[in-house]
Number of protein chains: 2
Amino acid sequence: MDKIKVIIWGFGAMGSGMAEMLLKKKGVEITGICDTHPDRKGKGMLSVLKANKTLLNTENIDHPGIIIKEKIEDIISPGCADVVLLATDSFTKKAYPKISYLLENKLNVISTAEEMAYPCASEPELSKQMNKIAKENGVSVLGTGINPGLIMDLLVVLMTGASIDVEHIKAERVNSLSPFGPAVMEEQGVGLTKEEFHKGVTYGSLAGHVGFNESVGMITDAIGWKLSSKVKQTQEPIISPVPRKTKYIEVEAGNVAGCSMNGYGYVDGKLKVEMVHPQQIEPETEGTDTGDYVTIKGTPIINLSIKPEVPGGIGTIAMCVNMIPQIINASPGLKTMLDLPVPRAIMGDMRDRIEL
Amino acid sequence: MDKIKVIIWGFGAMGSGMAEMLLKKKGVEITGICDTHPDRKGKGMLSVLKANKTLLNTENIDHPGIIIKEKIEDIISPGCADVVLLATDSFTKKAYPKISYLLENKLNVISTAEEMAYPCASEPELSKQMNKIAKENGVSVLGTGINPGLIMDLLVVLMTGASIDVEHIKAERVNSLSPFGPAVMEEQGVGLTKEEFHKGVTYGSLAGHVGFNESVGMITDAIGWKLSSKVKQTQEPIISPVPRKTKYIEVEAGNVAGCSMNGYGYVDGKLKVEMVHPQQIEPETEGTDTGDYVTIKGTPIINLSIKPEVPGGIGTIAMCVNMIPQIINASPGLKTMLDLPVPRAIMGDMRDRIEL
């Protein structure tokens, strides 16, 4: 069997991290990369990875050279790939034209877009369209990542598998933003004054975490609760009384070190699913322990914690690459993490996981 | 759509617990129960559940009366059920004649037998047979439970989904045996002297925990590690220097309060998967905190804990009932938890989960 062929669309932190991961795996090769960024288009994959200085020793890599193309049309041709890893957007609406183009070209797709982790929650019409196009073309499309995708939803769902009865679910993710660069600082409002932060929330320029709609929707649909109203969401600044500093940003005392978001899912008017997600730089400055926490009240009571939290970047890269066999094996259509066999690391030849 | 029909074979603690759980669920009904125990055969389901005095208020139950039959042949007829929950054995070899009979009668099967959680680990030939018979009859068979089935295997596999690379896995389950009755005390050797315990291990009369072969096999197959030797196993008594006591048993100072088992999986001669599973009555007597722990060394490092442990009885009952939709939806054949969508609680109508 030929190696599994993968195209990566979007070669920022996520896309390039997936390339580094794929280079270490057996039975798989990268056959194309698309990115429009002026620093990357036209360059060779390895030279960009070297410049990243992240995970990998790029010496002794035995992989054909790949030139990063600006236009996806210059990459796509019959048989060009088994799957495309799409790491360009957070919102389904923005990813949709790319996804439908890929599906029409009979390519399976895994998207990092947070909304794509459970697209029917925010975009039911586009979800129907994607499902239709995928089926017409005999391929499948999945959104995944660390969160949404695993920590605040799939892991919660899995643990309810040990439950006779569930009364209330709380998922909490307390994580550090210190490893992240300027784009994330801007989305989360780190470094702003309190007033600027609130203005940003009011005018919609601070996205904060995208995914509560998706995580709450995935959990409630999975266990058979029907939401009686839209998922409610709050977004508050985490003000640091002392200065904090990372490689990328300095925050003055009294300014915003992070963004605390909560999400609330109501069933029959009662609060049943709670999401708590404070993200900040240098949380240890004020003694905040990072971690992922799941509490399921019911029969039995389940108290799960992961300390420290599963890191967001590595986790998202791994989830997308590790789901490649599942999406190749899947029946045609739009899939979610609820539909497919559990994600798992790939330590052997990736081809051993493909059902013939 | 008619209610989903379930037969329960084996009406001890697990089977009767499943009945109690099913009575509280929508869209499902129990259509037959088989048990050979003199205290139960010929009796009505509700009278046995009432005598159990466990989970349920049996008043106001709206369910047709079911008489517990001694012979399975008196229950099985065309269309009698969509699935049989088989809660009679620990070992595949002992469950096999029952499973093959059910499959030949075109019934899906979920088995609590520990070895059935990953039957190819200990019984590769019988596994091939079951797969063949299931396919010939257009039905499917699954083994599951809390452990093996979730805590020391499926949960571990799921968490590796966030891993770029895995170097070593440790799964630890520290649990209390206090809720369990005489049968479990005997299997685990609780109440014996140290000498009696060691004699029991030598002569094979103390089963201890059944499942390391299965859990290690499931994990290594899932992530693509090939075991270079059989899973090694140790079994030691937990000696209590002070007396301990439960509803069912009294242990004198200096005698066996539990059984500590370890399992070791080697890949290329190196220890890669470690199982640590001490089980004892009244662990808090000597300050032992119960819990489930997963440690994955690799990229990233993942430290997961569940405190206290997910209780074994409730968890096994829930896993078996909650997997009913997945095994009805599955393609024909022998399935494991690796093949099917993740388990989840069933809080709505069970029929909503069936793919038509």
Side-chain angles (χ1 to χ4, degrees), chain A residues 17 20-21 24 26 55 146 150-151 154-155 157-166 219-220 222-226 267 292 294 296 298-308 310-311 314-319 321-323 337-350 352-353, chain B residues 17 20-21 24 26 55 146 150-151 154-155 157-166 219-220 222-226 267 292 294 296 298-308 310-311 314-319 321-323 337-350 352-353:
Chain A
E20 295 187 4
M21 178 169 172
K24 290 189 267 178
K26 284 174 238 140
L55 291 174
I146 198 68
L150 179 62
I151 298 297
L154 189 69
L155 174 60
V157 169
L158 177 86
M159 292 314 303
T160 69
S163 302
I164 288 180
D165 192 44
V166 179
I219 292 169
T220 51
I223 71 172
W225 277 344
K226 292 200 197 327
V267 178
D292 297 312
V294 176
I296 300 171
T299 310
I301 291 168
I302 298 175
N303 268 307
L304 179 149
S305 57
I306 303 171
K307 288 195 250 187
V310 179
I314 291 174
T316 294
I317 289 164
M319 287 290 288
V321 171
N322 288 334
M323 287 305 287
M337 296 303 287
L338 294 181
D339 304 317
L340 301 174
V342 293
R344 60 203 73 168
I346 302 174
M347 299 305 296
D349 192 304
M350 202 183 280
D352 296 343
R353 299 261 302 274
Chain B
E20 294 188 5
M21 178 169 172
K24 289 189 265 179
K26 283 173 238 138
L55 292 171
I146 198 69
L150 178 62
I151 296 298
L154 189 69
L155 175 61
V157 170
L158 177 86
M159 292 314 302
T160 70
S163 301
I164 288 179
D165 194 44
V166 179
I219 291 169
T220 51
I223 72 172
W225 277 344
K226 290 198 200 323
V267 178
D292 297 311
V294 176
I296 301 171
T299 310
I301 291 168
I302 297 174
N303 268 307
L304 178 149
S305 57
I306 303 172
K307 287 195 251 187
V310 179
I314 292 175
T316 295
I317 289 165
M319 287 289 288
V321 170
N322 288 333
M323 288 304 288
M337 294 305 286
L338 295 181
D339 305 317
L340 301 175
V342 294
R344 60 205 72 170
I346 301 173
M347 298 305 296
D349 192 304
M350 202 184 278
D352 297 343
R353 300 262 300 275

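Order of the sequence lines fixes the chain letters, A, B, ..., with proteins taken first and strands second; residue numbering starts at 1 for each chain. Fair warning: this is a prediction, and the values are worked out from it, not measured in the lab.
Between the side chain of B/Asn322 and the backbone N or O of A/Gly161 there is at least one donor-acceptor pair closer than 3.5 Å. Between the A/Thr220 side chain and the A/Lys226 main chain, no donor and acceptor come within less than 3.5 Å of each other.
Annotation: maximal heavy-atom pairing with chain B below 4.5 Å, among A/Arg353, A/Met319, A/Arg344, occurs at A/Arg344. In terms of non-hydrogen atom pairs under 4.5 Å with chain B, the most contact-rich of A/Gly224, A/Ser305, A/Pro300 is A/Ser305. With chain A as partner, the option from B/Gly315, B/Ala222, B/Gly298 having the largest number of non-hydrogen pairs under 4.5 angstrom is B/Ala222. In terms of heavy-atom pairs under 4.5 angstrom with chain A, the leader among B/Val342, B/Asp339, B/Leu150 is B/Val342.
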Trace of the side-chain contact (heavy atoms from CB on, under 4.5 Å) decision for A/Leu304 with B/Leu304: CA-CA 7 Å; A/Leu304 179 149; B/Leu304 178 149; 4.0 Å; yes
Check against side-chain contact (heavy atoms from CB on, under 4.5 Å), A/Glu20 and A/Ile317: CA-CA 10 Å; A/Glu20 295 187 4; A/Ile317 289 164; over 6 Å; no
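For A/Met323, no part lies under 4.5 angstrom from a heavy atom of chain B. A/Asp165 touches chain B through backbone and side chain together, each having a heavy atom under 4.5 Å away. Using a 4.5 Å cut-off between heavy atoms, A/Leu158 contacts chain B through both its backbone and its side chain. No part of B/Val321 comes within reach of chain A, as not one of its non-hydrogen atoms sits under 4.5 angstrom from that chain. Both the backbone and the side chain of A/Leu155 come within contact range of chain B, judged by heavy atoms closer than 4.5 Å. For B/Asn303, the parts lying under 4.5 angstrom from a heavy atom of chain A are both the backbone and the side chain. Proximity to chain B involves both the backbone and the side chain of A/Leu338, based on heavy atoms less than 4.5 angstrom apart. In this structure, chain A has no heavy atom under 4.5 Å from any part of B/Met350.
A/Met337 has its side chain out of reach of A/Val157: every pair of non-hydrogen atoms, C-beta onward, lies at least 4.5 Å apart. Looking only at side-chain heavy atoms (C-beta outward), B/Ile306 and A/Met159 come within less than 4.5 Å of each other. No side-chain heavy atom of A/Met347 sits less than 4.5 Å from a side-chain heavy atom of B/Ser163.
Rounded to the nearest 0.5 Å, atoms CD1 (B/Ile223) and OG1 (B/Thr160) are 5.5 Å apart.
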